[in-house]
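Note that the structure is predicted; figures quoted are calculated from it, not measured. In what follows, every chain begins at residue 1, and chains take the letters A, B, ... in the order their sequences are listed.
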Number of protein chains: 2
Amino acid sequence: MTANLFDAAPGGRPEAEEITALAEGAGARIERIVSHGQASPPGFWYDQDRPEWVALLQGEAAVEFADGATVRLRPGDHLTIAAHARHRVAWTSSAPPAVWLAVHYLG
Amino acid sequence: MTANLFDAAPGGRPEAEEITALAEGAGARIERIVSHGQASPPGFWYDQDRPEWVALLQGEAAVEFADGATVRLRPGDHLTIAAHARHRVAWTSSAPPAVWLAVHYLG
């Protein structure tokens, strides 16, 4: 009935970022993301139709915005990324892996 | 730009459960809840129109369902509570306080 956010992903491979859907409905999609040092490709920007609330639960990470801001995250830090705010994952820790919680929701 | 899930609530009082809205849109409401040993009143059941995804981030807690199941939660444990699944908070730890993340979303 329950699962744990820090459990290993089934079939997870540390060579790749692991995305697991935890819950989904018409209004929101909740994901757990485990990054093992992965970052977005240089010059790549996410540009999303829906706002995203994101929290870092383990490890360290940094999110870079196209407007020039970089936000460094430690466990427990959270922020809301507005729809169409172009951003990328600048870096993530690998030991321990970065564990993120992301909620994409209808704004 | 960021806040931390483990920060003290502004004006928080340990006599009461503290609920902080972290993000909200048409499709979802994301809340941080800090419980200091509080439980739902005996015989009280939540009966919600929307599904709720809930994770325990700190402390310990137990959620009881009207169908008889009780789910004990430790840090990182998460579950989805279906719309209209009657439930109550059976107990929460006070040292440390129980820190919950709850997402009420359009199913």
Side-chain angles (χ1 to χ4, degrees), chain A residues 1-9 20-32 34 48-58 60-65 67-83 85 87 96-97 99-107, chain B residues 1-9 20-32 34 48-58 60-65 67-83 85 87 96-97 99-107:
Chain A
M1 189 163 189
T2 64
N4 193 283
L5 292 166
F6 303 106
D7 284 350
T20 307
L22 306 179
E24 185 160 16
R29 177 182 167 88
I30 304 173
E31 296 174 344
R32 194 253 327 238
V34 180
Q48 304 175 142
D49 289 338
R50 292 185 170 194
E52 176 182 3
W53 178 86
V54 64
L56 189 72
L57 300 181
Q58 176 185 283
E60 295 191 34
V63 176
E64 180 184 0
F65 289 83
D67 70 5
T70 296
V71 179
R72 182 164 175 170
L73 300 172
R74 294 189 175 78
D77 286 343
H78 62 92
L79 75 162
T80 298
I81 301 171
H87 64 283
V99 177
W100 310 78
L101 194 62
V103 182
H104 301 269
Y105 62 96
L106 190 63
Chain B
M1 190 164 188
T2 63
N4 193 283
L5 292 166
F6 303 106
D7 284 350
T20 308
L22 306 178
E24 184 160 17
R29 177 181 168 87
I30 304 173
E31 296 174 343
R32 195 262 311 250
V34 180
Q48 304 174 142
D49 289 339
R50 293 185 169 193
E52 176 181 5
W53 178 86
V54 65
L56 189 73
L57 300 181
Q58 176 185 284
E60 295 191 33
V63 176
E64 179 185 1
F65 288 84
D67 69 5
T70 296
V71 179
R72 183 165 174 167
L73 301 172
R74 294 189 176 78
D77 286 342
H78 62 91
L79 75 161
T80 298
I81 301 171
H87 64 284
V99 176
W100 309 78
L101 194 61
V103 183
H104 301 269
Y105 61 96
L106 190 61

Please classify the contact of B:L56 with chain A as side chain, backbone, both or neither, using a heavy-atom distance under 4.5 Å. neither

Select, from B:L22, B:L57, B:L73, the one with the greatest count of heavy-atom pairs under 4.5 Å involving chain A. B:L22

Check whether A:A55 gets within reach of chain B through its side chain, its backbone, both or neither, counting any heavy atom under 4.5 Å. side chain

Would you confirm whether A:D77, through its side chain, and A:L79, through its main-chain N or O, come within 3.5 Å as a donor-acceptor pair? no

Check whether A:T80 gets within reach of chain B through its side chain, its backbone, both or neither, counting any heavy atom under 4.5 Å. side chain

Any donor-acceptor pair under 3.5 Å from B:N4 side chain to A:P75 backbone: yes

A side-chain contact here means heavy atoms from C-beta on lying under 4.5 Å apart; do A:R74 and A:R72 qualify? yes

Which bit of A:E24 is near chain B, if near means a heavy-atom gap under 4.5 Å: side chain, backbone, both or neither? backbone

Between NE2 of B:H78 and CG of A:D7, what distance do you get to the nearest 0.5 Å? 7.5 Å

Pairwise side-chain contact, B:Y105 with A:L106, heavy-atom cut-off 4.5 Å (strictly under): no

